[in-house]
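Quick notes on the structure that follows.
All chains are named by letter (A, B, ...) in the order of the sequence lines, taking the proteins before the strands, and each is independently numbered beginning at 1.
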Amino acid sequence: MRKHKRLDRTFYTRTDVLQIGKDLLGKVLVSNIDHQISSGIIVETEAYRAPDDKACHAYLNRFTKRTSIMFEEGGHAYIYLCYGIHHLFNVVTASSGMAHVVLIRAIEPLENIKLMLNRRGLAQVKPQLTAGPGVMSKALGLSKKYNGIDLTSADSSIWIEDHGIEVANTNIIKSPRVGIDYAEECALWDWRFRIKNNPYTSKAR
DNA sequence: CGAATGATCGGCT
DNA sequence: GCCGATCATTCGA
């Protein structure tokens, strides 16, 4: 039994995806893969919101097999393979029918750092261990195989805990999202959130 | 059925 | 700072 409580359904089903993105900072992402637990504090997130967000896969509520998970009720995991190599971990929010998601971009290693180093093939801890959506997933052992699981289910392999870490508003930095230039004006929206002065966020800009 | 494309990372210059 | 890897998914024919 874990010491800390999992976030429950009501956390995820709120309608303001930007607020959820901010609230997730300081929460702890945990994975239990092959009976091995590893975890980290969420330090950087990014919000995506259909139908008006061109950067979102479900822009204009485009409904395909891949995006269908985004229309599920909040609390599910949307894991997507990017550039053929990287698994990106997202949390589905809002109620079913609303394709709102939060991309978890970086964590600060917490439990079982040794296992994470192993998965990453690194010898010692450095920010690049978990600073970035692709490497973070790799460190925690997340992959497409877990796409669509329910984070609030008692027996899921991935979940998010509240360790009572408070992140003051003044310690949250907002900035534009990157890597989505094709999204035109949407690329300018300040929908990326990170904890100020945390070395495990991806490079500041 | 075939072709284009991307919410990134790491290595090289 | 820039460039290439690499494949599931999507869309058009």
Side-chain angles (χ1 to χ4, degrees), chain A residues 12 17-18 20-22 24-25 29 40 42-72 74 76-94 98-109 116-149 151 158 160 173-195 199-205:
Chain A
Y12 299 106
V17 65
L18 300 183
I20 295 174
K22 280 183 272 190
L24 280 173
L25 294 175
L29 176 63
I42 298 171
V43 294
E44 186 170 343
T45 66
E46 211 165 270
Y48 288 86
R49 189 182 67 189
D52 53 340
D53 178 6
K54 288 183 184 171
C56 181
H57 292 154
Y59 173 53
L60 295 179
N61 284 341
R62 203 160 51 106
F63 190 90
T64 64
K65 196 171 168 192
R66 180 177 64 160
T67 61
S68 63
I69 186 64
M70 292 204 269
F71 293 89
E72 290 290 318
H76 288 80
Y78 171 49
I79 301 177
Y80 150 75
L81 182 65
C82 183
Y83 292 92
I85 309 173
H86 306 289
H87 298 273
L88 274 55
F89 178 78
N90 303 253
V91 177
V92 178
T93 71
M98 316 260 284
H100 295 184
V101 300
V102 176
L103 168 68
I104 310 296
R105 295 189 53 85
I107 60 173
E108 179 181 330
M116 293 194 240
L117 288 171
N118 239 343
R119 288 193 180 118
R120 293 275 289 118
L122 293 175
Q124 51 189 322
V125 178
K126 38 186 169 178
Q128 74 180 60
L129 174 63
T130 53
V135 293
M136 177 212 78
S137 300
K138 192 169 178 186
L140 287 178
L142 311 181
S143 76
K144 230 173 68 63
K145 143 183 178 194
Y146 300 99
N147 189 29
I149 69 166
L151 302 173
I158 306 167
I160 298 176
I173 298 178
K174 290 189 295 186
S175 60
R177 298 170 296 178
V178 300
I180 54 166
D181 291 342
Y182 63 90
E184 300 169 22
E185 75 274 10
C186 308
L188 300 174
W189 297 347
D190 285 345
W191 283 8
R192 172 185 286 207
F193 308 106
R194 78 182 78 203
I195 296 180
Y200 288 93
T201 57
S202 49
K203 210 168 65 177
R205 94 163 227 188

Spacing of [X] atom [atom1] and [Y] atom [atom2] [to the nearest 0.5 Å]:
X	Y	atom1	atom2	value
A:R192	A:I173	CZ	CD1	11.5 Å
A:I158	A:L142	CD1	CG	4.5 Å
A:E44	A:S175	CD	OG	7.0 Å

Report which part of the nucleic acid [X] touches: base, sugar-phosphate, or nothing (heavy-atom distance under 4.0 Å, all strands).
X	value
A:L103	base
A:Y78	base
A:Y80	sugar-phosphate

Determine whether the aromatic ring of A:Y48 stacks with the base of B:dA7, defined as ring centroids separated by less than 5.5 Å and ring planes inclined by less than 30°.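 A:Y48 ring centre within cut-off of B:dA7 base, planes near parallel; stacks.
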Without decimals, in angstroms, what is the distance between [X] [atom1] and [N] [atom2]?
X	N	atom1	atom2	value
A:I85	C:dG4	CD1	C1'	9 Å
A:Y83	B:dT5	OH	P	12 Å
A:K145	C:dA8	NZ	P	16 Å
A:H87	C:dC7	NE2	P	10 Å
A:E46	B:dG6	CD	P	16 Å
A:R192	B:dA7	CZ	P	13 Å
A:L88	C:dC7	CG	P	16 Å
A:Y182	B:dT5	OH	C1'	10 Å

Taking only the side-chain heavy atoms of [X] (C-beta and beyond), determine which of [options] contains the nearest atom.
X	options	value
A:M70	C:dC7, B:dC9, B:dA7	B:dA7
A:H57	B:dC9, B:dG10, B:dA7	B:dA7
A:L81	C:dA8, C:dT10, B:dG10	C:dA8

Does a side-chain N or O of A:R66 approach OP1 or OP2 of C:dT10 to a distance below 4.0 Å, or not?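 For C:dT10, OP1 or OP2 has a side-chain N or O of A:R66 closer than 4.0 Å.
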Base-pairing assignment for C:dT6 (Watson-Crick or G-U wobble, both under 3.5 Å):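 Its partner is none (no Watson-Crick or G-U wobble pair with both distances under 3.5 Å).
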Can you tell me the pairing partner of B:dA7 across any strand shown, Watson-Crick or G-U wobble, with both distances under 3.5 angstrom?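 When the pairing criteria are applied, nothing turns out to pair with B:dA7, so the answer is none.
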5' precedence on DNA chain C between A:K144 and A:H86 (nearest-nucleotide basis):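 Its nucleotide being nearer the 5' end, the pick is A:H86.
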Pick one: which of A:F63, A:Y48, A:Y78 meets side chain to side chain contact (heavy atoms under 4.5 Å, CB included) with A:M70?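 With A:M70 as partner, A:F63, A:Y48, A:Y78 yield a single side chain to side chain contact (heavy atoms under 4.5 Å, CB included), made by A:Y78.
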Results of salt bridge (Lys or Arg N to Asp or Glu O under 4.0 Å) for A:K126 - residues two or more places apart only: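 In terms of salt bridge (Lys or Arg N to Asp or Glu O under 4.0 Å), with neighbours along the sequence ignored, A:K126 is linked to no residue.
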